[in-house]
Amino acid sequence: MQPTQAPIQIPEVIQLIDLKYYLIISTALFVIGIIGVLTRRNAIIIFMSIELMLNSVNLLLIAFSSYRSDPTGQVFVFFIMAVAAAEVAVGLAIIVMIYRNTRSIDVGLLNKLKW
Amino acid sequence: MVQIVFYLFILLTLGSAFGVLLTRNVLYAAFFLLLTLLGVAGLFVLAGADFLAVSQIMIYVGGVLVLIIFGVMLTHTKDAGQTDFTRPNYVLTRHRGWLWALVVAGGIFSVLYSALVRANFVLFGREPFFESTVDTIGRQLMTEFVVPFEIAGVLLLVALIGASTLAASSRPDR
């Protein structure tokens with residue numbers, strides 16, 4: 001770091017709370033999302049689990065960005081949120097179409113491609 | 001004081017995430033997801049990202065969750081005949097292979113946890129500040145990341161058109 005540059009600053013709260021807590025929470029949230037995707041059969045709940053995983057990644061990015069005092073990570077989280085909103089809109093439209101065709105949203109019924 | 005609030009938000013987030021995982025009612029799962037998203041927004045605030053916390057509440061709670069609840073409403077089915085493939089949504093049933101899910105999840109958690117414990121992260125700065133990040137984020141969105149910003153806008157437009165085309169396509173025989 002050059003001496004003329006202002007010292008890199010991080011938020012005060014981050015100094016009180018160890019980064020490790022953020023890492024463990026986001027890992028736990030991601031793993032809960034994985035269990036949800038692998039075990040539930042309702043397509044909407046699988047969707048919610050995907051949202052949980054996206055949120056855990058966002059949390060991790062924000063924790064690192066404020067830990068390193070680099071707001072680029074927060075811009076990245078902003079884009080992830082936009083993509084997640086698009087994903088939810090298209091995914092729910094697909095789920096509604098599946099419901100119209102099969103009268104159910106159980107993913108166990110969609111086994112035509114299973115070998 | 002801050003630590004206590006932080007632990008409360010951790011408890012809210014993880015507890016309601018387990019609620020999403022374990023509840024049988026889809027609507028209750030949506031409400032638990034609401035609590036989880038609020039807890040994550042609180043953790044965003046505690047990490048110093050106030051702008052993203054507000055956008056989290058606006059986008060997720062205001063948009064995504066409303067969409068999901070609409071999905072629950074549109075796909076509500078009155079206990080259709082239970083075949084072997086459509087058991088009720090227990091997590092712990094015999095024929096489900098939940099064991100493999102737990103093994104995969106536990107394996108991923110232990111690998112990530114051991115990597116995180118061994119990693120040595122160094123704090124960059126030492127001086128506290130109370131500056132909002134809205135200014136820097138807005139400036140970066142309009143200068144450095146303007147192309148991804150426009151692409152995200154186009155993506156949202158495409159998703160909007162695609163979703164309405166998919167969900168609204170009604171054949172004449174229906």
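Note that the structure is predicted; figures quoted are calculated from it, not measured. Protein chains get the first letters and strands the later ones, always in sequence-line order, with residue 1 at the start of each.
Rounding to the nearest 0.5 Å gives a distance of 6.5 Å between CD1 of A:I35 and CZ of B:F18. Here B:L21 contributes atom CG and A:I45 contributes atom CD1; the two are 9.0 Å apart, rounded to the nearest 0.5 Å.
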Chi angles and distances behind the side-chain hydrogen bond (donor to acceptor under 3.5 Å, both in side chains) call for B:Q56, A:N58: CA-CA 10 Å; B:Q56 160 98 357; A:N58 281 353; 4.8 Å; no
field: Verdict with supporting geometry, A:I32 and B:V20, side chain to side chain contact (heavy atoms under 4.5 Å, CB included)
entry: CA-CA 9 Å; A:I32 288 172; B:V20 174; over 6 Å; no
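The shortest non-hydrogen separation linking A:M48 to B:I68 is CE-CG2, 3.5 Å. The two residues B:I137 and A:Q74 have their closest heavy-atom pair at CD1-OE1, 3.4 Å. Across all their heavy atoms, B:A163 and A:A93 have their closest contact at O-CB, 3.5 Å. A pairwise comparison of heavy atoms in A:R40 and B:T23 identifies NH2-O, 2.8 Å as the closest pair. When every heavy atom of A:T72 is checked against every heavy atom of B:F145, the shortest pair comes out as CG2-CZ, 3.4 Å. Minimum interatomic distance between B:L156 and A:A82 (heavy atoms only, all atoms of both residues): CD2-O, 3.5 Å.
With chain A as the partner, the residue from B:G63, B:G138, B:P148 showing the most heavy-atom pairs under 4.5 Å is B:P148. Contact count against chain A (heavy-atom pairs under 4.5 Å) is highest for B:L67 among B:T13, B:L67, B:L112. The most heavy-atom pairs under 4.5 Å with chain B, out of A:V90, A:I98, A:N55, come from A:N55. In terms of non-hydrogen atom pairs under 4.5 Å with chain B, the most contact-rich of A:I34, A:V88, A:V37, A:V77 is A:V88.
Counting heavy atoms from C-beta outward, B:V64 and A:E51 have side chains that approach closer than 4.5 Å. A heavy-atom distance below 4.5 Å is found between the side chains of A:F78 and B:L52. Side-chain contact check for B:L74 versus A:Y99: every heavy-atom pair is 4.5 Å or farther apart.
Ring centroid separation for the pair B:F6 and A:Y22 comes in under the 6.0 Å cut-off.
For a residue to count as touching a neighbouring chain, one of its non-hydrogen atoms must lie under 4.5 Å from one of that chain's; by this rule B:L37 touches chain A with the side chain only. With a threshold of 4.5 angstrom between heavy atoms, A:S65 does not approach chain B through any atom at all. Heavy atoms closer than 4.5 Å to chain A are found in the side chain of B:I59, but not in its backbone. With a 4.5 angstrom heavy-atom cutoff, B:F51 touches chain A only via side-chain atoms. With a 4.5 Å cut-off on non-hydrogen atoms, B:Y60 touches chain A through its side chain but not through its backbone. Proximity to chain B involves both the backbone and the side chain of A:L59, based on heavy atoms less than 4.5 angstrom apart. Of the atoms belonging to B:E144, not a single heavy atom falls under 4.5 Å from chain A. Heavy-atom distances place the side chain of A:F79, and not its backbone, under 4.5 Å from chain B. Both the backbone and the side chain of B:S55 come within contact range of chain A, each with at least one heavy atom under 4.5 Å from a heavy atom of that chain. In this structure, the portion of B:V104 lying under 4.5 Å from any heavy atom of chain A is its side chain and not its backbone. With a threshold of 4.5 angstrom between heavy atoms, B:Y7 approaches chain A through side-chain atoms but not through N, CA, C or O. For a residue to count as touching a neighbouring chain, one of its non-hydrogen atoms must lie under 4.5 Å from one of that chain's; by this rule B:A49 touches chain A with backbone and side chain alike. Using a 4.5 Å cut-off between heavy atoms, A:L29 touches chain B through backbone and side chain atoms alike.
Residue B:L46 is grouped with residue B:V134 when hydrophobic side chains (ILVMFWY) are merged at heavy-atom distances under 4.5 angstrom, including chains of intermediate members. Residue B:Y28 is grouped with residue B:L34 when hydrophobic side chains (ILVMFWY) are merged at heavy-atom distances under 4.5 angstrom, including chains of intermediate members. Residue A:V75 is grouped with residue B:M142 when hydrophobic side chains (ILVMFWY) are merged at heavy-atom distances under 4.5 angstrom, including chains of intermediate members. Connection of B:V40 to B:M58 is not established within any shared hydrophobic cluster, with ILVMFWY side chains joined at heavy-atom distances below 4.5 Å, either directly or through further cluster members. One hydrophobic cluster, built from ILVMFWY side chains closer than 4.5 Å, holds both B:V5 and A:Y21.
Atom CZ of A:F64 is surrounded by more than 12 heavy atoms from other residues, nucleotides or ligands within 6.0 Å.
When A:L92, A:V96, A:I94 are each tested for a side-chain contact (heavy atoms from CB on, under 4.5 Å) with B:L166, only one passes: A:I94.
Side-chain atoms of A:T27 do not come within 3.5 Å of backbone N or O of B:F109 as any donor-acceptor pair.
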